[in-house]
Engineer: 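There's a structure below that I have some questions on.
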Amino acid sequence: MTGTDPLPGELSRGPLGRATVSLQRYGAISLGFTIASLPAVAATVLLPPSGLTLGLIVLLGVSVAVALSASLAAWRAERTVVHPAPWSAFWRGWRRNALDVVRAVAPGLLLVTVIAVTVLNADGAGIGGAYAGVLLGIAGVTTLIGVRVTVLASVFSFRTRDLWRLAAYTLFRVPRATVALLAMAICAVGLVWLTNEAVLLVLGGAAARLLLHHEQPVIDHVRHHFTHEGQEAAP
């Protein structure tokens, strides 16, 4: 078999062959996701979740955002390349998107870090339970918007403040995608609660594929209404 020959399962080579190729893609992207997320994983395992170390753990979550962006890039490559190489596509997306994603998610991570440290030290700071609940709600909404910012930063080259505006705007403008995003977030939290973070990392490739599917209407909406490409294609 040469480098240009189709892989088993490609071009209608049977259900078993297609399943094998799909598993290989999921495995390669999930492995890349795990490796790229190692800074956050190491901090979670090695550092106690208290005081400023919790803030450091949250800040290192930027590695997870970049890993998610690279996974999205690898799955998007599957749509445009006849015989995609998921491992190469993942790291190509990582190199291309890393700086943009870091700049895009940094404001949200900083806010969530401040809230996490504040709530953890609520007694010392004299914060009541109701106020802590409000802060946790703000952190949750910020995280939800931050995931969408990561998706948009992986596809478009907008300024950071425009990415956050668009992400917040589409929460209401594309409600079905927002409900799906919220459901995925709840499932992720529940999975970590019942098992541990390692399980979520193993499923990172599949989660990115599902996220891309549900966020495609948001991508299409932004492309149609907020890019030159969409304006030129409009009748």
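Heavy-atom basis, side chains included; hydrogens, waters and symmetry copies ignored. Remember, it's a predicted structure, so these values are computed and weren't measured experimentally.
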Engineer: For the residue pair Trp87 and Phe90, categorise the inter-ring angle as parallel (less than 30°), tilted (30 to 60°) or perpendicular (more than 60°).
Structural biologist: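 Rings of Trp87 and Phe90: parallel, under 30°.
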Engineer: Got a donor-acceptor contact below 3.5 angstrom from the Trp75 side chain to the Leu210 backbone?
Structural biologist: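 Not at all, since once roles are kept as given, no pair shorter than 3.5 Å links the two residues.
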Engineer: Under 6.0 Å between the ring centres of Phe33 and Trp94?
Structural biologist: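 Ring centres of Trp94 and Phe33 not closer than 6.0 Å.
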Engineer: Grab the two heavy atoms, one from Ala67 and one from Ser37, that are nearest each other, plus how far apart they are.
Structural biologist: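 The answer is CB-OG, 3.4 Å.
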Engineer: Is any side-chain heavy atom of Leu203 closer than 4.5 Å to one of Leu191?
Structural biologist: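 Counting from C-beta outward, Leu191 and Leu203 do come under 4.5 Å.
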Engineer: Between Arg223 and Val155, is any pair of side-chain heavy atoms under 4.5 Å apart?
Structural biologist: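 The answer is yes, as the side chains (C-beta and beyond) meet within the 4.5 Å cut-off.
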Engineer: Test Val151 against Val218 for side chain to side chain contact (heavy atoms under 4.5 Å, CB included), laying out the working first.
Structural biologist: CA-CA 9 Å; Val151 173; Val218 177; over 6 Å; no
Engineer: Checking the side chain of Ser69 only, and the main-chain atoms of Ala65 only, is there a donor and an acceptor separated by less than 3.5 Å?
Structural biologist: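 Checking the backbone N and O of Ala65 against the side chain of Ser69, no donor-acceptor pair under 3.5 Å is found.
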Engineer: Could you check whether any side-chain heavy atom of Ile145 comes within less than 4.5 Å of a side-chain heavy atom of Trp164, counting everything from C-beta outward?
Structural biologist: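 Side chain of Ile145 against side chain of Trp164, heavy atoms only: contact under 4.5 Å found.
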Engineer: Could you check whether any side-chain heavy atom of Val199 comes within less than 4.5 Å of a side-chain heavy atom of Val192, counting everything from C-beta outward?
Structural biologist: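 Side chain of Val199 against side chain of Val192, heavy atoms only: no contact under 4.5 Å found.
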Engineer: Among Thr118, Val114, Val112, exactly one meets side chain to side chain contact (heavy atoms under 4.5 Å, CB included) together with Leu135. Which residue is that?
Structural biologist: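 Among Thr118, Val114, Val112, the one that satisfies the side chain to side chain contact (heavy atoms under 4.5 Å, CB included) with Leu135 is Thr118.
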Engineer: Closer than 3.5 angstrom, by distance alone: can the side chain of Arg148 be matched with the main-chain N or O of Thr170 as a donor-acceptor pair?
Structural biologist: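 At least one qualifying donor-acceptor pair exists.
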Engineer: Going by heavy atoms in the side chains, are Phe158 and Leu152 under 4.5 Å from each other?
Structural biologist: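 A side-chain contact is absent here, since even the closest heavy-atom pair is not under 4.5 Å.
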Engineer: Mind checking what makes side chain to side chain donor-acceptor pair (under 3.5 Å) contact with His221, not counting sequence neighbours?
Structural biologist: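 Counting only residues at least two positions away or on another chain, His221 forms a side chain to side chain donor-acceptor pair (under 3.5 Å) with Tyr169.
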